[in-house]
Amino acid sequence: MPSTHPPEGPGTAAQVLAREPLPREFFDRPVDEVAPDLLGHVLVHGDVAVRLTEVEAYAGPLDPASHAYRGRTTRTAVMFGPPGHAYVYFTYGMHFCVNLVCGPDGTASAVLLRAGEVVAGRDTARRRRPRSTERDLARGPARLCTALAIAREQNGADACDPGGPLRITPGEPPDRSLIRQGPRTGVNGGKETPWRFWIDGDPTVSPYRPHTPRKRRTTR
DNA sequence: TTCGAGATCGGCT
DNA sequence: GCCGATCTCGAAG
(Lines give C-alpha, C1' and ligand atoms only; values in the text may rest on other atoms or scores of the structure.)
Protein backbone atom coordinates (compact mmCIF):
# COMPACT_ATOMS: atom_id res chain seq x y z
CA MET A 1 0.00 0.00 0.00
CA PRO A 2 1.17 3.53 -0.64
CA SER A 3 3.15 5.10 2.19
CA THR A 4 1.95 8.40 3.59
CA HIS A 5 5.59 9.38 3.72
CA PRO A 6 7.59 10.09 0.59
CA PRO A 7 10.64 7.81 0.46
CA GLU A 8 13.08 10.52 1.49
CA GLY A 9 11.19 13.79 1.84
CA PRO A 10 12.86 16.89 0.37
CA GLY A 11 16.27 15.76 -0.81
CA THR A 12 17.69 12.27 -0.45
CA ALA A 13 18.76 10.99 2.95
CA ALA A 14 22.37 11.40 1.89
CA GLN A 15 21.73 15.03 0.95
CA VAL A 16 19.98 15.70 4.23
CA LEU A 17 22.87 14.21 6.20
CA ALA A 18 25.47 16.16 4.22
CA ARG A 19 24.06 19.66 4.69
CA GLU A 20 26.10 22.36 6.35
CA PRO A 21 24.75 23.30 9.79
CA LEU A 22 22.92 26.55 10.46
CA PRO A 23 25.27 29.46 11.26
CA ARG A 24 25.86 30.24 14.91
CA GLU A 25 24.27 33.70 14.41
CA PHE A 26 20.95 31.87 13.97
CA PHE A 27 21.02 31.09 17.70
CA ASP A 28 22.49 34.43 18.79
CA ARG A 29 19.03 36.03 19.08
CA PRO A 30 16.21 36.16 21.63
CA VAL A 31 15.02 32.64 22.38
CA ASP A 32 11.38 33.38 21.50
CA GLU A 33 12.53 34.35 18.00
CA VAL A 34 14.78 31.36 17.54
CA ALA A 35 12.24 28.79 18.73
CA PRO A 36 9.59 29.25 16.01
CA ASP A 37 12.32 29.69 13.39
CA LEU A 38 13.69 26.25 14.29
CA LEU A 39 10.50 24.52 13.12
CA GLY A 40 11.15 22.63 9.91
CA HIS A 41 14.91 22.52 10.40
CA VAL A 42 16.64 19.20 10.85
CA LEU A 43 18.65 17.78 13.74
CA VAL A 44 21.21 15.23 12.59
CA HIS A 45 23.08 12.73 14.77
CA GLY A 46 25.05 10.01 13.03
CA ASP A 47 22.91 8.68 10.19
CA VAL A 48 19.55 9.69 11.67
CA ALA A 49 17.87 13.04 10.94
CA VAL A 50 14.72 14.53 12.49
CA ARG A 51 12.75 17.46 11.07
CA LEU A 52 11.56 19.52 14.04
CA THR A 53 7.81 20.01 14.41
CA GLU A 54 7.52 21.11 18.04
CA VAL A 55 9.78 23.15 20.36
CA GLU A 56 9.61 25.09 23.62
CA ALA A 57 11.54 28.21 24.63
CA TYR A 58 13.11 28.67 28.07
CA ALA A 59 14.40 32.11 28.96
CA GLY A 60 17.25 31.54 31.39
CA PRO A 61 17.61 32.73 35.00
CA LEU A 62 14.49 34.92 34.87
CA ASP A 63 12.22 32.07 33.76
CA PRO A 64 10.88 30.00 36.69
CA ALA A 65 10.33 27.05 34.36
CA SER A 66 13.95 27.03 33.20
CA HIS A 67 16.65 24.82 34.66
CA ALA A 68 18.76 27.99 34.74
CA TYR A 69 16.32 29.64 37.15
CA ARG A 70 18.40 28.71 40.18
CA GLY A 71 21.58 29.97 38.59
CA ARG A 72 24.57 28.24 37.15
CA THR A 73 25.33 24.74 38.44
CA THR A 74 27.47 21.90 37.12
CA ARG A 75 24.42 20.52 35.39
CA THR A 76 23.31 23.76 33.73
CA ALA A 77 26.78 25.10 32.87
CA VAL A 78 26.29 24.44 29.15
CA MET A 79 23.23 26.70 29.11
CA PHE A 80 25.38 29.58 30.33
CA GLY A 81 27.84 29.06 27.49
CA PRO A 82 27.85 30.17 23.83
CA PRO A 83 24.83 29.68 21.55
CA GLY A 84 24.42 26.73 19.22
CA HIS A 85 25.51 24.08 21.71
CA ALA A 86 23.40 21.17 22.95
CA TYR A 87 22.24 21.06 26.55
CA VAL A 88 21.31 17.46 27.31
CA TYR A 89 19.79 16.54 30.66
CA PHE A 90 18.61 13.36 32.30
CA THR A 91 15.19 13.23 33.95
CA TYR A 92 12.77 10.86 35.65
CA GLY A 93 15.59 8.43 36.16
CA MET A 94 15.40 7.14 32.61
CA HIS A 95 14.96 9.82 29.97
CA PHE A 96 17.18 12.30 28.18
CA CYS A 97 15.99 15.59 26.65
CA VAL A 98 17.94 17.93 24.38
CA ASN A 99 17.97 21.74 24.13
CA LEU A 100 19.86 24.15 21.89
CA VAL A 101 21.40 27.12 23.68
CA CYS A 102 20.33 30.58 22.42
CA GLY A 103 21.28 34.20 22.88
CA PRO A 104 24.69 35.67 23.59
CA ASP A 105 27.17 33.79 25.78
CA GLY A 106 25.91 33.89 29.37
CA THR A 107 22.22 34.40 28.58
CA ALA A 108 21.38 30.80 29.55
CA SER A 109 18.27 30.61 27.41
CA ALA A 110 17.55 27.51 25.36
CA VAL A 111 15.04 25.80 23.12
CA LEU A 112 13.80 22.34 24.13
CA LEU A 113 13.35 20.11 21.10
CA ARG A 114 10.06 18.35 21.80
CA ALA A 115 9.14 16.42 18.68
CA GLY A 116 9.85 15.84 15.03
CA GLU A 117 9.60 13.59 12.02
CA VAL A 118 12.37 11.16 11.15
CA VAL A 119 13.49 12.08 7.62
CA ALA A 120 16.66 9.99 7.33
CA GLY A 121 17.88 6.81 8.99
CA ARG A 122 14.39 5.45 9.61
CA ASP A 123 15.64 1.88 9.94
CA THR A 124 18.14 2.88 12.60
CA ALA A 125 15.51 4.89 14.47
CA ARG A 126 13.03 2.02 14.30
CA ARG A 127 15.64 -0.36 15.69
CA ARG A 128 16.10 2.01 18.64
CA ARG A 129 12.34 2.30 19.19
CA PRO A 130 10.95 -1.04 17.97
CA ARG A 131 7.54 -0.59 19.56
CA SER A 132 6.89 2.78 17.92
CA THR A 133 4.79 3.55 14.91
CA GLU A 134 6.40 5.72 12.25
CA ARG A 135 4.65 8.78 13.65
CA ASP A 136 5.75 8.14 17.23
CA LEU A 137 9.46 7.59 16.52
CA ALA A 138 10.39 11.11 17.69
CA ARG A 139 7.06 12.31 19.08
CA GLY A 140 8.05 13.68 22.49
CA PRO A 141 11.33 15.02 23.87
CA ALA A 142 12.57 11.72 25.32
CA ARG A 143 11.52 9.74 22.26
CA LEU A 144 13.33 12.22 20.03
CA CYS A 145 16.53 11.63 22.03
CA THR A 146 16.11 7.86 21.84
CA ALA A 147 15.53 7.92 18.08
CA LEU A 148 18.66 10.03 17.61
CA ALA A 149 20.67 8.20 20.30
CA ILE A 150 21.31 11.45 22.15
CA ALA A 151 22.57 10.95 25.70
CA ARG A 152 24.91 12.45 28.25
CA GLU A 153 27.88 12.24 25.86
CA GLN A 154 26.23 14.83 23.60
CA ASN A 155 25.88 17.41 26.38
CA GLY A 156 27.83 20.47 25.28
CA ALA A 157 28.18 19.31 21.66
CA ASP A 158 28.44 22.17 19.16
CA ALA A 159 25.49 21.74 16.79
CA CYS A 160 26.92 24.41 14.46
CA ASP A 161 30.20 22.54 13.91
CA PRO A 162 30.17 21.14 10.33
CA GLY A 163 32.51 18.34 11.41
CA GLY A 164 30.66 17.41 14.60
CA PRO A 165 28.48 14.31 15.05
CA LEU A 166 25.48 16.35 16.20
CA ARG A 167 24.37 19.10 13.81
CA ILE A 168 21.36 21.35 13.28
CA THR A 169 20.89 21.74 9.54
CA PRO A 170 18.53 23.77 7.33
CA GLY A 171 15.28 22.07 6.38
CA GLU A 172 11.91 23.11 4.99
CA PRO A 173 10.42 25.84 7.20
CA PRO A 174 6.64 25.53 7.37
CA ASP A 175 4.31 28.20 6.06
CA ARG A 176 4.23 30.93 8.75
CA SER A 177 0.46 30.59 8.91
CA LEU A 178 0.85 26.99 10.17
CA ILE A 179 2.96 27.93 13.19
CA ARG A 180 0.96 27.77 16.41
CA GLN A 181 1.89 29.02 19.87
CA GLY A 182 0.61 27.96 23.29
CA PRO A 183 1.47 27.22 26.91
CA ARG A 184 4.43 24.98 27.62
CA THR A 185 3.90 21.36 28.48
CA GLY A 186 4.52 19.77 31.84
CA VAL A 187 5.92 22.78 33.62
CA ASN A 188 4.75 24.41 36.80
CA GLY A 189 6.23 27.89 36.82
CA GLY A 190 5.77 30.35 33.99
CA LYS A 191 2.60 28.72 32.69
CA GLU A 192 1.42 32.08 31.42
CA THR A 193 4.27 32.33 28.92
CA PRO A 194 2.99 30.75 25.69
CA TRP A 195 6.36 29.57 24.48
CA ARG A 196 5.52 26.19 23.02
CA PHE A 197 5.61 26.38 19.23
CA TRP A 198 4.44 23.72 16.82
CA ILE A 199 3.43 23.09 13.22
CA ASP A 200 -0.34 22.96 13.09
CA GLY A 201 -1.76 19.71 11.78
CA ASP A 202 1.53 17.83 11.82
CA PRO A 203 0.92 14.30 13.13
CA THR A 204 4.28 14.12 14.88
CA VAL A 205 3.44 16.96 17.30
CA SER A 206 3.07 15.48 20.78
CA PRO A 207 -0.36 15.60 22.42
CA TYR A 208 -0.64 18.47 24.88
CA ARG A 209 -0.70 17.33 28.48
CA PRO A 210 -1.28 19.78 31.28
CA HIS A 211 1.06 19.43 34.22
CA THR A 212 -0.07 16.67 36.57
CA PRO A 213 1.80 16.59 39.84
CA ARG A 214 2.97 13.07 40.42
CA LYS A 215 1.24 11.29 43.26
CA ARG A 216 3.34 10.58 46.27
CA ARG A 217 4.71 7.06 46.08
CA THR A 218 2.62 4.94 48.44
CA THR A 219 5.16 3.53 50.82
CA ARG A 220 4.04 0.16 51.94
C1' DT B 1 -10.00 7.20 23.74
C1' DT B 2 -8.86 8.67 28.32
C1' DC B 3 -6.89 8.06 32.77
C1' DG B 4 -3.76 6.54 36.46
C1' DA B 5 0.20 4.67 38.19
C1' DG B 6 4.84 2.66 38.00
C1' DA B 7 9.49 2.90 36.52
C1' DT B 8 14.06 4.89 38.21
C1' DC B 9 18.03 8.20 39.57
C1' DG B 10 20.59 12.67 39.50
C1' DG B 11 20.38 17.30 41.10
C1' DC B 12 19.20 20.21 44.46
C1' DT B 13 17.45 21.82 49.19
C1' DG C 1 15.18 12.96 51.13
C1' DC C 2 12.16 14.98 47.54
C1' DC C 3 10.80 15.55 43.02
C1' DG C 4 11.10 16.22 38.02
C1' DA C 5 10.72 20.25 30.82
C1' DT C 6 8.50 11.78 30.55
C1' DC C 7 6.94 7.35 28.57
C1' DT C 8 4.45 3.21 28.60
C1' DC C 9 1.14 -0.10 29.73
C1' DG C 10 -3.12 -1.74 31.42
C1' DA C 11 -7.85 -0.92 32.84
C1' DA C 12 -12.08 1.28 32.31
C1' DG C 13 -15.55 3.76 29.58
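The number of heavy atoms from other shown groups lying within 6.0 Å of CZ (Phe90(A)) is above 12.
One finds a side-chain N or O of Arg131(A) lying less than 4.0 angstrom from the OP1 or OP2 phosphate oxygen of dC9(C). Under 4.0 angstrom from either OP1 or OP2 of dT6(C) there lies at least one side-chain N or O belonging to Arg114(A).
In this structure, Asp136(A) does not pair ionically with Arg131(A), as no charged nitrogen and carboxylate oxygen lie closer than 4.0 Å.
Donor-acceptor pairing under 3.5 Å, judged by distance alone, is present between the side chain of Tyr89(A) and the base of dA5(C).
Remark: C1' of dT6(C) and CD1 of Ile150(A) are 16 Å apart, rounded to the nearest angstrom. Distance CZ (Phe96(A)) to P (dA7(B)): 20 Å, rounded to an integer number of Å. If you measure from atom CZ of Arg139(A) to atom P of dT8(C), you get 11 Å, rounded to the nearest angstrom. Across the protein-nucleic acid pair, Tyr92(A) atom OH and dC9(B) atom C1' stand 13 Å apart, rounded to whole Å.
The other residues sharing a hydrophobic cluster with Val205(A) are Trp198(A), where clustering joins ILVMFWY side chains under 4.5 Å apart.
Applying the side chain to side chain donor-acceptor pair (under 3.5 Å) rule to pairs touching residues 94-112 of chain A yields nothing, sequence neighbours excluded.
For residues 97-112 of chain A, proximity to DNA chain B is found at no residue, defined as any non-hydrogen atom under 4.0 angstrom from a strand atom.
Between the side chain of Arg196(A) and the main chain of Gly182(A), no donor-acceptor pair closer than 3.5 Å is present.
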What pairs of nitrogen or oxygen atoms, one from the protein and one from nucleotides 10-13 of chain B, lie under 3.5 Å apart?
{"unit_1": "dC12(B)", "atom_1": "OP1", "unit_2": "Thr73(A)", "atom_2": "OG1", "d": "2.5"}

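Judged as a ring-ring contact (aromatic ring centres under 6.0 Å, His included), and not counting sequence neighbours, the contacts of Tyr89(A) are His67(A), Tyr87(A).
Comparing atom distances between the Met94(A) side chain and each of dT8(C), dT6(C), dA7(B) picks out dA7(B) as nearest.
Geometrically, Arg152(A) does not engage Phe96(A) in a cation-pi contact defined by less than 6.0 Å to the ring centre and at most 45° from the axis. In this structure, Arg29(A) fails the cation-pi test against Phe27(A), since its NZ or CZ atom is not both closer than 6.0 Å to the six-membered ring centre and inside 45 degrees of the ring normal. Remark: Arg184(A) fails to qualify as a cation-pi partner of Phe197(A) under the 6.0 Å distance and 45° angle criteria applied to the six-membered ring.
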In dot-bracket, 5' to 3', how would DNA chain B read with Watson-Crick or G-U wobble pairs under 3.5 Å, [ ] for crossing ones and | for pairs to another strand? |||||||.||||.
Report the C-alpha distance between Arg143(A) and Ser132(A) in whole Å, list the side-chain angles of each, state the deciding distance to 0.1 Å, and finish with yes or no for side-chain contact (heavy atoms from CB on, under 4.5 Å). CA-CA 9 Å; Arg143(A) 295 169 176 178; Ser132(A) 272; 5.5 Å; no
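Within the 4.5 Å cutoff, the side chain of Pro174(A) has heavy atoms near those of the Ile179(A) side chain.
Under the stacking criterion of a centre-to-centre distance below 5.5 angstrom and an interplanar angle below 30°, Tyr58(A) sits stacked against the six-membered ring of dA5(C).
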